[in-house]
Structures are given as structure tokens and as C-alpha cells.
Amino acid sequence: MKKHIKEQAFDKASFKALVIKHLVTTYAQDTKTATDKSWYLAVGKALAEISTGNLLATEKRVIDANARSVNYFSLEFLIGRLTGNNLISLGLYDQISESVAELGLNLTDLLEQERDPALGNGGLGRLAACFMDSLAAQEFPSVGYGLHYQYGLFKQSFLNGHQIEFPDKWCEEEGYPWEVQRPELNQVVGLYGDVSSYTDENGQQYDRWNPAVTLQGIAWDLPIIGYNNQSVFPLRLWECRAPEPFNLAKFNDGDYIGAQQAQIAAGNVTKVLYPNDNHHQGKVLRLTQQYFHCACSIADIVGRHLKKGHKINALAEFETIQLNDTHPTIAIPELMRVLLDDFKLCWDDAWAIVSKTFAYTNHTLLPEALESWSEALIGELLPRHLEIIFEINHRLMADVEAKWPGNNDIKRKLSIIAEGQQRMIRMANLCVASSYAVNGVAALHSELVKRDLFPEFDALFPQRLQNVTNGITPRRWLKYCNPQLSDLISEKIGNEWPANLEQLEAIAQFASDDKFQQRYLEVKKTNKQRFADWVADNLDIELDINAIFDVQIKRLHEYKRQHLNLLHILSLYHRLLNDPSFDMHPRVFVFAAKAAPGYALAKDIIYAINKVADKVNNDPRLKDKLKVVFVPDYRVSLAEIIIPAADVSEQISTAGKEASGTGNMKLALNGALTIGTMDGANVEIREEVGDDNIFIFGLSVDEVEALKAEGYNSHTYYEQNGLLKASIDLLDGDEFDATDCAAFANIRHNLLEAGDPYLVLADFADYVDAHNRIDTEYRDQKLWVHKTILNTALVGKFSSDRSIRDYVNNIWHLSALPK
Ligand SMILES: *Cc1c(COP(=O)(O)O)cnc(C)c1O
């Protein structure tokens with residue numbers, strides 16, 4: 001079967017010719033005067049040409065193999081820059097580097113020209129991107145389905161310490177070189193309107209949805225290039241173009257204005273990504289995006305299935321759909337609608353397919369993030385889907401009645417419809433009731449899903465609730481972002497580890513080896529210098545690379561507790577100024593975080609950190625012991641510079657609140673030691689690296705629960721801990737030249753009067769202790785580097801290749817493409 005694979009023949013001369021062809025004919029530039037930007041576009045386009053051929057060839061191999069595929073549905077894919085990573089996957093990095101050098105160019109500079117396609121918010125979107133990479137690396141037949149937002153997550157900058165947001169038009173005027181349109185895959189999607197019944201020629205009665213509005217879905221494919229294989233799978237992103245004029249005849253006069261408004265709104269469906277992370281926003285446009293995404297994707301899957309010559313009844317044999325959180329849940333009633341109304345299956349036959357097609361990943365227990373939509377809104381936008389949801393619920397309630405006769409409490413808990421002033425559709429309940437598998441994203445989180453969120457569903461559907469611990473792709477998060485450490489590792493254990501991360505364990509034997517330690521330290525220093533140079537160039541702050549680089553990079557959220565980190569910094573500031581006996585190793589605290597534009601307290605925390613940074617960075621009394629750097633506009637390409645430079649990884653969420661985290665994995669892999677709570681995947685990182693090689697602190701999930709049950713009072717901690725009191729009081733004074741004092745007062749108010757909902761004060765003392773241990777241990781460089789090497793060596797479990805194999809073996813049950 002080897003015949004399918006052509007060796008990736010690479011001929012420098014023809015590649016250079018291809019680049020010049022694109023430069024001149026695609027981008028209309030002159031080779032003498034073209035900018036780096038145009039050269040990057042031309043190189044990207046030339047490479048994309050190679051990968052598009054492989055994309056089509058892989059599609060054919062999937063058909064020839066009669067293979068079962070997974071369809072990964074996600075409203076977000078935070079893919080990061082593609083060019084550098086794709087060069088690594090193609091195995092062409094060095095050759096292309098030489099080729100562009102011969103054109104008088106520097107590849108690193110060209111790669112810097114690419115904008116991050118920021119089509120996601122944070123961890124959830126980045127997970128989808130890592131999963132696509134791991135599916136392709138292991139050649140599991142797969143399609144990623146997402147939206148082609150015109151504006152990705154906003155660009156962040158700071159003005160006098162405040163976050164300000166700018167639109168991020170990631171797709172240049174010239175277009176993004178890696179994407180290709182697939183016009184034959186375009187779709188038409190309906191919205192609004194009504195449902196009517198009719199009797200067909202055989203006397204059978206059916207329902208029909210008569211949408212009042214139709215939208216056009218334009219298919220864009222981004223190539224996901226398999227590492228070291230010739231397979232390329234599509235990430236298919238739907239763009240909503242101007243809707244087709246609606247059919248007046250179908251529509252009654254009274255709703256004319258409403259339909260017009262809908263028409264206008266429709267043109268904007270894929271304009272922007274919603275900038276919320278772990279927060280539900282019940283806006284019509286958001287639901288429209290979700291439905292548009294699902295309708296296009298379901299139609300694409302069904303169309304592909306039929307085109308292969310399969311019967312519709314065999315859909316679940318050949319296609320499975322993984323829902324990344326509840327955002328694409330409307331795909332469930334959409335597939336039911338297609339099967340019932342278009343294919344005219346009876347309910348039981350349709351349900352037999354649907355209930356074997358979907359699997360759902362839960363990402364959060366935070367109540368404010370659990371999606372629910374008003375029944376009235378769904379009824380207006382998607383009247384047929386609402387009927388179908390009612391019928392699914394009716395049957396679910398019958399199952400509940402059979403298991404717990406007469407128990408209305410359980411019915412109320414499990415019902416897809418929440419009663420109340422306005423009835424709401426709970427998307428997570430719909431997912432659990434309709435999916436053949438449901439998974440949490442780390443062992444602890446999955447236990448809490450069973451114990452706290454869905455215990456009755458676990459009893460009703462035994463085995464349905466499972467765990468798949470998240471992972472990260474070692475190609476981007478080690479080989480690409482940390483080339484020097486990668487080379488050092490390859491020198492010792494060979495170069496198979498990027499596709500087999502467990503092999504890293506073999507470097508544990510060098511953890512005490514003087515020479516290896518020395519070289520590992522040299523690499524870390526180089527990476528710290530690279531980041532320090534970036535900070536000097538971009539933020540005009542001088543950093544000493546002998547300081548401890550202590551980083552917290554993630555979305556800004558109360559549960560992630562950047563304000564706990566801030567209080568610790570304030571405590572150091574206080575001690576440096578007031579306690580002559582206090583000594584500390586120099587520390588650089590690095591933050592990077594965007595706050596959702598509507599999240600006031602998160603923005604106050606950003607402002608406070610920026611103001612504290614201004615002060616401590618310029619206070620000569622601190623003798624450069626303390627620096628605080630808030631890097632604006634956190635994104636994948638920044639993570640790639642910060643992570644290899646980190647000594648300490650802050651993973652300090654309130655126990656029970658962070659489902660998994662993946663930043664924790666990236667940092668440990670690159671040799672940062674974690675200071676963290678027993679939350680999310682920190683628990684499993686500790687299991688892998690051992691208690692001596694991680695700094696665990698704070699309350700456990702059970703302790704958090706017990707403390708809340710007995711009545712948590714943050715004032716007690718404030719009154720009883722002098723250092724804590726001094727640190728919080730710093731937020732009150734005029735120490736930090738804050739023109740917007742309300743921000744400081746709001747944080748203080750949240751921690752004291754508002755009851756400190758995330759137990760910052762309860763964990764403060766233990767957190768400070770853990771930091772004191774870090775200070776002591778870092779001074780012993782031999783001890784520190786030993787722990788650091790063991791972190792790199794022992795986190796192989798967190799490769800997303802392993803996560804994907806868990807999905808394949810326990811949930812999807814599909815096979816890799818034959819070679
Ligand atoms: C990995 C990553 C995240 C997730 O970070 P957590 O610490 O797990 O919340 C968010 N944003 C970007 C750009 C990332 O690369």
C-alpha cells in the first residue's frame with residue numbers, strides 16, 4: 001500500500017522558482033523591492049501549494065480505505081502561526097531556510113511577518129488546535145470544523161495601565177496564504193420562519209421547516225499537516241457571506257420588518273469571535289453563529305457520507321462527531337431534523353443514528369459558563385429544532401420515570417428544559433442525554449463531573465461519563481518553540497521523541513550528570529536572554545537573566561487568581577522595604593493575559609498589576625530585586641517565546657475550578673517548575689514528576705468545600721496574618737500612583753466585603769510559604785536544574801498524541817489510515 005505515499009521530493013531550484021512566481025504573479029511584487037511581508041506571503045503560498053496536493057491525496061486515501069472518521073466540532077481553533085510549524089511537519093525547515101537564504105532572505109524574519117490566526121480565546125481553542133495536530137501526526141481520518149471569523153480575538157494594548165481593545169483582522173488584505181476555498185463544499189443555511197405539516201403521496205405525514213432567511217456558508221480549508229508523514233487533513237472553517245434575498249412568497253406580511261432585520265444581522269454572522277472565556281453570553285448573534293457552524297458542518301458530513309456511496313442509516317458507522325464543549329450542541333437537533341424531515345426516517349431510526357454519532361467534552365463546572373438558551377429565542381430562530389428538543393426531553397423524562405418512578409426532584413435536575421419565569425434549554429443536559437460518550441478533561445475534573453455536576457446522569461447512563469486528560473502537541477510546544485532544548489534532547493536519545501513523547505523519560509538518567517546539567521542550564525539561559533531582549537525591545541524594561549523568571553500566562557479570570565499572585569508581589573515589596581533582615585533572590589514576575597471586555601474586575605486586576613509594575617520597576621530602594629512585566633496581547637506566538645524562558649509556572653486556581661489547564665503542561669515540558677494547587681491536571685503533573693519536583697500548596701477540593709460549608713470569612717485571615725494585612729492595605733494607599741483608585745478599591749472590596757469568592761485569602765499564607773521554598777531551592781542551582789530536567793523528562797504523558805489515542809481507543813473506535 002506504500003504506493004499512496006510519495007516521498008516529499010524537494011528541489012530547491014523549483015521551490016525558489018515557485019516562490020518567485022507567487023511573489024510576482026499572486027502578489028504583484030518586484031523581487032528587487034519586495035518587503036519581508038510579501039516574501040513571507042509568497043513562501044507561504046508556495047508551501048500551501050505543496051500541502052493542498054497532499055490534502056486532496058489524503059481525502060482520496062480516506063475514501064479508498066473506507067475509513068471511519070472523526071469530525072471535531074469547535075467554535076474556536078487557536079492555531080497560532082502555521083508557516084514555521086508546517087515546515088517542521090514537512091521536514092523542510094532546513095531546506096527552506098537555505099532556499100530563502102539564497103534569495104537573500106532570513107527565514108526567521110519572514111516567519112515573524114505572519115499574524116497569529118487568533119480564532120480562539122484561550123485553552124479550549126488551543127486544545128482543538130493541538131488535537132488537530134495530533135490527529136494528523138497519527139494519521140487518524142479527521143476533519144476539524146470551525147468558523148472563519150473575520151475578526152479574531154481582539155488585540156490588547158495598555159493605555160496608562162488600562163486594557164484597551166482593537167479589532168484583530170488576522171486575514172490580511174492579501175488573504176492568508178495557507179487557506180484555500182472549496183466552492184464545491186459551500187452550503188445554504190436557513191433561519192427563522194415556521195414549521196408546517198404535509199402528507200406525501202403515500203399518505204405519510206411529515207413536518208417541514210420553512211425558514212424565512214437563508215445564509216450562505218463558504219468553505220475554507222486550512223491544511224493540518226501530519227508530522228513526518230504525507231497526510232494532510234482539513235480544518236474546515238465556514239464563512240457567512242451576504243445572505244441570499246429571502247423568499248417573500250414564503251413569508252407573511254406581518255413579519256416583513258423582522259425578516260429584514262434578520263437579513264441585516266445575517267451578513268454579520270461570522271464577523272467576530274466572542275471574546276469570552278468560560279462565560280456564557282446569551283446573545284442572538286452567538287446562537288446564530290453556533291447554528292450556522294453546525295448546519296454547514298452537518299450538511300458537509302452527510303454529503304460526504306452519501307458521496308462515498310453509503311446508506312444514510314450507516315452514518316454512525318463511518319462518522320463520529322466530537323463536540324468541544326456545548327457550543328456546537330445545536331448540531332444534535334440539526335442532525336435529527338435532517339434525518340426526520342429530509343431523509344424521512346422515523347424517530348427511532350433517526351435517534352438510533354444520532355445517539356451513536358455524538359460525543360461531548362465538558363470543559364467546566366463553573367455555573368456561569370454552563371450554556372442555556374431561552375426557549376423563546378430558540379423557538380423564534382429555530383422553530384423545528386425546538387420541537388425536536390421537546391421530543392428528546394419527553395423521552396428522556398420517560399427514562400427517568402422508569403428508573404426513579406415518581407421522583408420529580410430528579411426529573412427537574414435532569415430535564416433539558418429548566419422551568420422558571422422564562423424556560424431555558426440547558427445545552428449540557430441535551431448533550432449528555434444524546435451523546436454516546438461524555439468526557440471531562442483531567443482525572444480530577446472528570447470525577448467532579450460525576451460527583452457534583454451529573455451524578456444522576458451517571459446512574460442513568462452507566463459508563464457514559466469518562467475521562468480523557470488533555471494534552472499539548474510536542475511539535476509546537478517543544479521542537480518548534482525551543483529548538484536548542486530539542487537538539488540537546490535529540491543528541492542524547494535520538495530524534496523520535498516528537499512523535500513518541502514517552503521517550504523523554506530516558507533523559508531522566510542525565511538529571512544528575514554535571515555536563516548535561518550545564519548544557520541544560522545554558523539552553524535555559526539562552527531562552528531567557530531571547531525573552532529579555534524581546535522585553536527590552538518592545539517594553540523598554542531591562543531584565544537580569546539571573547533572576548527567577550516566574551510566569552503566569554493565561555486568560556484573566558478570578559478563578560485563575562492573578563490577584564493572589566499580585567498579593568504575593570505586594571508582600572515581597574512590603575518586606576523589601578520594611579524588613580531589613582529579609583533577603584530574596586531577584587525575581588521577575590511575568591504576566592500575560594487578556595480580560596473579556598465586559599469583565600470589570602478582571603480589567604481592574606490588569607490595571608493594578610500594571611500600576612504595581614510601574615512602581616516596583618522604577619523604585620531604586622528595591623535594588624532590582626523585583627521586576628514585574630505585563631506583556632500585552634497574549635497569544636500563541638508570545639507563548640512560544642515566554643514558555644522556554646520560564647523558571648517557575650504559576651498554576652494557582654482555586655481547587656475545583658480549573659478543569660485541566662494546558663499551559664501547566666507546556667511550561668513543565670520546557671523545564672519550568674510548577675507552583676500550583678491540587679487542581680485540574682496539576683494533580684496528574686505531580687503524579688508524574690513526583691512531589692519533590694513541584695511546589696504544591698493550598699486547599700484541596702474537599703477542604704474548599706468544607707470551608708465554604710462552615711462559612712468562610714476572609715476577614716479572619718486578614719486580621720490574623722500581618723503580612724497579608726500589610727499587602728492588602730497597600731492596595732488602599734497612594735503607593736502606586738493610581739489615577740483610577742476605584743480599581744484598587746474594587747479588588748480590596750472583592751476580597752473583603754464581597755466575601756472573597758475564590759478563597760484568595762485562605763490560600764495566601766501557604767502560597768507565600770511555597771514561594772519561600774522556591775527562593776531557597778533556586779539558590780542551589782544544582783538542585784534546581786536536577787528538578788527541572790526531571791520535569792522535562794517525566795511529562796511525556798501530556799502529549800496530545802496520547803490524548804487522541806485515548807479518544808480513539810475509548811470513545812471513537814477508529815483506525816489510522818493504512819500507509
Ligand atoms: C496554552 C494556552 C492557553 C491556555 O493556558 P492555561 O494556562 O491552560 O489557561 C491560553 N492561551 C494561549 C495562547 C495558549 O497557548
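Quantities reported herein were computed from a predicted structural model and do not represent experimental measurements. Counting starts at 1 for both ligands and their atoms, following the listed order.
What sits closest to atom 4 (C) of ligand 1 on the protein, heavy atoms only, is G123 CA, 3.5 Å. If you check which protein heavy atom lies closest to atom 7 (O) of ligand 1, you get K554 NZ, 2.7 Å. The single protein non-hydrogen atom nearest to atom 12 (C) of ligand 1 is Y634 CE2, 3.6 Å, given as residue, atom name and distance. In terms of protein heavy-atom proximity, atom 5 (O) of ligand 1 is closest to G663 N, 3.8 Å.
Remark: K528 is positioned above the aromatic ring of F549, its terminal NZ or CZ atom under 6.0 angstrom from the ring centre and at most 45 degrees off the axis.
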Evaluation steps, side chain to side chain contact (heavy atoms under 4.5 Å, CB included), between F697 and H771: CA-CA 10 Å; F697 74 95; H771 269 300; over 6 Å; no
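Those atoms of ligand 1 with a heavy atom of G122 less than 4.0 angstrom away are 10 (C), 11 (N). Within ligand 1, the atoms closer than 4.0 Å to a non-hydrogen atom of W477 are 15 (O), numbered from 1 in the order shown. Within ligand 1, the atoms closer than 4.0 Å to a non-hydrogen atom of K666 are 1 (C), 2 (C), 3 (C), 14 (C), 15 (O), numbered from 1 in the order shown. Atoms of ligand 1 found under 4.0 Å from any heavy atom of T662, numbered from 1 in the order shown, are 1 (C), 4 (C), 8 (O). Atoms of ligand 1 found under 4.0 Å from any heavy atom of G661, numbered from 1 in the order shown, are 8 (O).
Residues Y559 and Y758 place their aromatic rings such that the two centres sit no closer than 6.0 Å. You'll find the ring centres of H568 and F589 inside the 6.0 Å limit. Remark: aromatic rings of Y807 and F131 are close, center separation under 6.0 Å.
A donor-acceptor pair under 3.5 Å is absent between the side-chain atoms of S571 and the main chain of I569, judged by distance alone. Although no hydrogens or angles enter the test, the distance criterion places a donor-acceptor pair under 3.5 Å between the side chain of T677 and the main chain of S653.
The closest approach between a heavy atom of K560 and any atom of ligand 1 is below 4.0 Å.
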